[in-house]
Each structure stands twice: as C-alpha cells, then as structure tokens.
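The structure under discussion is supplied below as structure tokens; questions concerning it will follow.
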2 protein chains.
Amino acid sequence: MGRPREFDPDQALGQALEVFWRQGYEGASLTDLTEAMGITRPSLYATFGNKEELFRKALDRYESGVMGFMAEAMLRRPAREAVAGLLYGFADAQSGQDTPAGCLGVNGALACSEASDPVRQELARRRAAVEARLGDRLRAAPAGELPPGADPDDLARYVMAVAQGMAVQAKSGAGREALRRIVATALQAWPAG
Amino acid sequence: MGRPREFDPDQALGQALEVFWRQGYEGASLTDLTEAMGITRPSLYATFGNKEELFRKALDRYESGVMGFMAEAMLRRPAREAVAGLLYGFADAQSGQDTPAGCLGVNGALACSEASDPVRQELARRRAAVEARLGDRLRAAPAGELPPGADPDDLARYVMAVAQGMAVQAKSGAGREALRRIVATALQAWPAG
DNA sequence: CCAGAACCATACCACCCGGTACGAAACCGT
DNA sequence: ACGGTTTCGTACCGGGTGGTATGGTTCTGG
C-alpha cells in the first residue's frame, strides 16, 4: 500500500550508470544524477541508499550488461581467440556511439580525492578479479596454445594493461578504429596467429 | 625592493607536483597544496597565479624532470631499443619508491568533473605530442627495424596504450616488478628481439 | 630614519557538495 | 469516506571548494 513510485528504478539506474560512466564517481554530483534520472534527491536515497550504493548498483549493471560479452569470449578456443575476443570486446565497449567513451571502472579508478577511497578499492578489486579469471583461463589452456615461455599471469596482466590503456585513450577521444588497431598490434605479442 | 619571500618557489613547486601526482588535479585541494608547500593561500596566488596555472607549471617540471629520460631513450637504436627504453622508463617512473604511484598525466586525464575540462584537454594534448614524437622516431627508422607490415603510428599508439595501462595498474598498487613484466610481454609484439 | 613596496596571515566571500527533516500528495484496505 | 502508509517536493543542514579583501610586517632606497 501507500503511494506508488512514479518512476522505473531500472531505467533510473540506467541513467545513473551513464552519468557515472561519463563523469566518474566523484565527478557525478547528486544534482547531475537526479536530473538525469528524473528523480528528486529523497527518492534517490529511499530507493538506492546513498551515492556509493547507487554507484555499486550501477557497477553491477555495467558488468552484467556492457561487460556481459566477457563470459562468452573467455570460452573461445584456442586461448588466443579468447584474448582477442576480450580485447576487441573492450575496444568496442569503450567506443560505443550511444555510450560514454572509456571504461566506467577505469574512469573511476584513478582520481580524485581520497574521500572516495572505498570506491577505488572496490574497483581495483573487481579489476583484479577479471585479471584472475583470465589467468585461470590461460592456465587451463592446453600446452602449446600459449606463447612459448610465457607465464599465464604475466599474459593476463599484459592484456589488462592494454585494455586499461585503451580506456585512457578512448576517454581522450580515440575512436573505435584506433582502438582496434591497438588490439591488432597487441596481439602481435601472441605468435602463431 | 620590498619584503623578500620566505620560501623557495622551486621547492614549493616540487611539493605541489607531488600532491598533484598523488591526488590528481581535482583531488588536490588548495588546503592540501598550501600545507604541503608550506605556504599560505595568498602567497600561492601571488607566485603561481591560480590552481590551474600551478598545475601547468608542475606539469612542466614533471615532463622535464621525471620524464626527462625520454629524450635519450628516443635516440637509441635500433628502434626496438628506443621503445624498450621508453617502456622500461615509464615503468620505473610510475613505481618509484619516493614518488607517488602512477603517472601525473594519466591520473589527471580521466576524472572527474567537467569543470576541469581545460586541464584534461591540456593533458590529452601533451600525451598526443609524445605519441607524435614516437611516431616520427619510428617513421625515421631504417627499413627492417620495424615489425614487418607494421604502421609506425599504430606502433606508437600501442606503446602509449601499454604505458597508460601500466599507469592505471601502478595507481592500483602494482609494483615495479609487475610493470616490468608487462613491458617484457608487450615487447613480444616486436619480433627480432 | 623614514617612505614606499612587496610579502605574510587572517578572515572572509559565494558557491557547491552529499545528505536529510518535514509537510503535502497519492494510494490501499477497511 | 477515512486512517494508515508510502512517495514526492521543497527547503534546509554543516562542511569544504577555489579565490580574495584587508591589514599588519619586513624589507630596500633615499
């Protein structure tokens, strides 16, 4: 019972995700968020808790939506195809025409003040989780699928570094074609293509 | 004539650089800056203009100091050695024990609010300048020094992406050894090593 | 020894931040 | 139609932001 809410929480969360994606965690003010979501401040707090919880929920949605391609890409074989699928997927996700440039996780990872340290640590944790998943995937690959003498964890770290570097460039204006060329060059480190 | 200032502007600028490096442009408040510099607000404004000009001066100092190794590294031959020198130099600069983790330029490049858009654009411009310099260096290399079929601009973009990716990881806690392994893996994309 | 100039320190400005108290409005069960 | 409950809208809170006005202090040139 009681007065029904006049907005769709899912759609509002989507708008919040876009604002966070474009402006980062600290760069997105409550005014920016509520205006984009079409919601008043108290409604935001009643529905999503506070700014940090709203960000975490937006992050969940980002991972399960925008980054949803990862699960499938990880399964590809041989291992080089999985890596290629991941990198090209990242490149496309960071350069979508209807989405902000760059990566939500990377954008929020660097700056700014130390007040948002919990958020930064959460983002670092999630990035580390992806890196670990990739390391597991590569470690499970049949002998011969990896570059000779390469360590799976080193490869995973390298792939993540390329992805994060692309995120920086995308945020600075690099287009999809430029990112895809980076991926193609990066894959040269993986012979037997 | 007049009362002499009681601080050394060069040393104060060095302290400001460290604060900007660690906390980013927006993350560094005037209180943080003045406390680290041992200076009052009006002294800062009288000596350096305003926060943005102070940041630009810190950036100049960063490029000529911390990034000073680039000029020498660019001259190495063959071209692969120049790239290796750059990447290992970046890795070390981003993981110094007495300096903040990560890269001043990358830290400020991503977040946060759009109020600091001029600063972001300036940083993007400087990064593009480095990329262009590297592209010129590679384009001038004798035939055969580059990977077969590789475009110099693509290579330059790739190298910058790896460097920026390392900056993200360094800011997230990656140590010097981890960064150096990324460089070693990245150089696998450049055969004939 | 004094006048003018430069610097230092305090205290303040308007503005924006994340977060909330409170009353009015809209709904449901009875 | 009415009481209870939930949401909405406004207006506000303390605190921090970048930036500055003002007055006292310390120096140099004459």
Side-chain angles (χ1 to χ4, degrees), chain A residues 1-13 15-17 19-20 22-59 107-108 111-122, chain B residues 1-13 15-17 19-20 22-59 107-108 111-122:
Chain A
M1 53 196 326
R3 178 174 175 176
R5 62 161 56 97
E6 299 172 356
F7 64 95
D8 177 11
D10 252 43
Q11 182 181 343
L13 182 58
Q15 300 296 327
L17 165 58
V19 174
F20 278 130
R22 181 176 293 110
Q23 307 182 205
Y25 174 69
E26 290 203 313
S29 72
L30 284 182
T31 302
D32 297 331
L33 290 165
T34 51
E35 281 183 359
M37 299 166 82
I39 277 187
T40 63
R41 266 166 142 87
S43 294
L44 190 155
Y45 277 80
T47 309
F48 300 102
N50 59 17
K51 189 185 178 184
E52 188 174 329
E53 288 184 35
L54 174 64
F55 182 76
R56 285 185 148 84
K57 278 157 184 158
L59 202 52
N107 287 359
C112 307
S113 88
E114 37 195 327
S116 57
D117 214 64
V119 170
R120 259 205 310 255
Q121 291 187 2
E122 168 80 14
Chain B
M1 52 197 326
R3 178 176 173 178
R5 62 160 58 95
E6 299 172 356
F7 64 95
D8 177 11
D10 251 43
Q11 182 181 343
L13 181 59
Q15 301 297 327
L17 164 58
V19 174
F20 278 131
R22 180 175 294 111
Q23 307 181 204
Y25 174 69
E26 290 203 314
S29 74
L30 284 182
T31 302
D32 297 331
L33 290 166
T34 51
E35 282 182 0
M37 300 165 82
I39 277 187
T40 63
R41 268 163 139 89
S43 294
L44 190 155
Y45 277 79
T47 308
F48 300 102
N50 58 18
K51 191 185 176 184
E52 187 173 330
E53 289 184 35
L54 174 63
F55 181 76
R56 286 186 147 83
K57 279 158 183 156
L59 203 53
N107 287 358
C112 308
S113 87
E114 38 195 327
S116 56
D117 214 63
V119 170
R120 260 204 311 253
Q121 291 187 3
E122 168 80 14

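Naming convention: chains lettered A, B, ... in sequence-line order (proteins, then strands); numbering from 1 in each chain.
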**OP:** Kindly write out the residues that satisfy side-chain contact (heavy atoms from CB on, under 4.5 Å) with A:Glu35, not counting sequence neighbours, or none if the list is empty.
**Re:**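 Only A:Thr31 meet the side-chain contact (heavy atoms from CB on, under 4.5 Å) criterion with A:Glu35.
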
**OP:** Would you indicate, yes or no, if D:dC8 has its OP1 or OP2 atom less than 4.0 angstrom from a side-chain nitrogen or oxygen of A:Thr40?
**Re:**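 False: A:Thr40 side-chain N/O out of range (4.0 Å or more) of D:dC8 OP1/OP2.
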
Original post:
Considering residues at least two apart in sequence or located in another chain, which fulfil the side-chain hydrogen bond (donor to acceptor under 3.5 Å, both in side chains) criterion with A:Ser29?
Top reply: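 side-chain hydrogen bond (donor to acceptor under 3.5 Å, both in side chains) list for A:Ser29, sorted by chain: A:Asp32.
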
Original post:
When every nucleotide of nucleotides 18-23 of chain C is labelled 5' to 3' by its protein contacts under 4.0 Å (heavy atoms), B for base, S for sugar-phosphate only, - for none, what sequence of letters results?
Top reply: BBBB--

Original post:
Nearest 0.5 Å, what's the CG-CZ distance between A:Leu33 and A:Phe48?
Top reply: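 Answer for the CG-CZ pair, A:Leu33 versus A:Phe48, is 10.0 Å.
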
Subject >> Side-chain N or O of B:Ser43 closer than 4.0 Å to phosphate OP1/OP2 of C:dC7 >> reply: no

Subject >> Rounded distance in Å - CD (B:Glu114) to P (C:dC16) >> reply: 13 Å

**OP:** Could you note down all residue pairs passing side chain to side chain donor-acceptor pair (under 3.5 Å) where residues 46-59 of chain A supplies at least one of them, sequence neighbours left out?
**Re:**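 Output for this query lists A:Glu52-A:Arg56, A:Arg56-A:Glu122.
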
Original post:
Once you round it to whole Å, what is the distance between P of C:dT10 and CG of B:Leu44?
Top reply: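 The answer, rounded to whole Å, is 16 Å.
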
**OP:** Could you tell me whether the side chain of A:Leu59 reaches within less than 4.5 Å of the side chain of A:Tyr25, counting heavy atoms only?
**Re:**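 Of all side-chain heavy-atom pairs linking A:Leu59 with A:Tyr25, none is under 4.5 Å.
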
Original post:
When the ring planes of B:Phe55 and B:Phe20 are compared, do they come out parallel, tilted or perpendicular, using 30° and 60° as the limits?
Top reply: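 It falls in the perpendicular class, over 60°.
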
**OP:** Check whether any side-chain heavy atom of B:Asp117 sits under 4.5 Å from a side-chain heavy atom of B:Gln121, and report yes or no.
**Re:**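 Side-chain contact under 4.5 Å: yes.
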
Original post:
What is the distance, rounded to the nearest whole Å, between atom CG of A:Asp32 and atom P of C:dC16?
Top reply: 12 Å

Original post:
How many angstroms lie between atom CD of B:Gln23 and atom CD of A:Glu114, to the nearest 0.5 angstrom?
Top reply: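 Those atoms lie 5.0 Å apart.
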
Original post:
Could you give the distance from OH (B:Tyr45) to OG1 (B:Thr34), rounded to the nearest 0.5 Å?
Top reply: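 The OG1 atom of B:Thr34 is 10.0 Å from OH of B:Tyr45, to the nearest 0.5 Å.
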
Original post:
Can you check the B:Phe7 CZ to C:dC7 C1' distance for me, whole Å?
Top reply: 9 Å

Subject >> Qualifying residues under side-chain hydrogen bond (donor to acceptor under 3.5 Å, both in side chains), relative to A:Ser43, sequence neighbours excluded >> reply: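 Partners of A:Ser43 by the side-chain hydrogen bond (donor to acceptor under 3.5 Å, both in side chains) criterion, ordered by chain and then number, come out as A:Thr40.
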
Please tabulate, for side-chain N and O atoms in residues 1-12 of chain A, each donor-acceptor pair with protein atoms closer than 3.5 Å (sequence neighbours left out).
residue : atom : partner : partner atom : Å
A:Arg3  : NH2  : A:Glu6  : OE2          : 2.9
A:Asp8  : OD1  : A:Asp10 : N            : 3.1

Subject >> Between P of C:dA9 and CD of B:Glu35, the distance in whole Å >> reply: 14 Å

Subject >> Gap between atoms CD and P, on B:Gln23 and D:dT17 respectively (whole Å) >> reply: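 Taking atom P of D:dT17 as the reference, CD of B:Gln23 is at 10 Å.
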
Original post:
What string of B, S and - do you get for nucleotides 25-30 of chain D, 5' to 3', when a contact is any protein heavy atom under 4.0 Å?
Top reply: BBBSS-

**OP:** Compute the bend angle of the helix from C:dC1-D:dG30 to C:dT30-D:dA1 from the end axes (five pairs per end), rounded to 10°.
**Re:** 0°

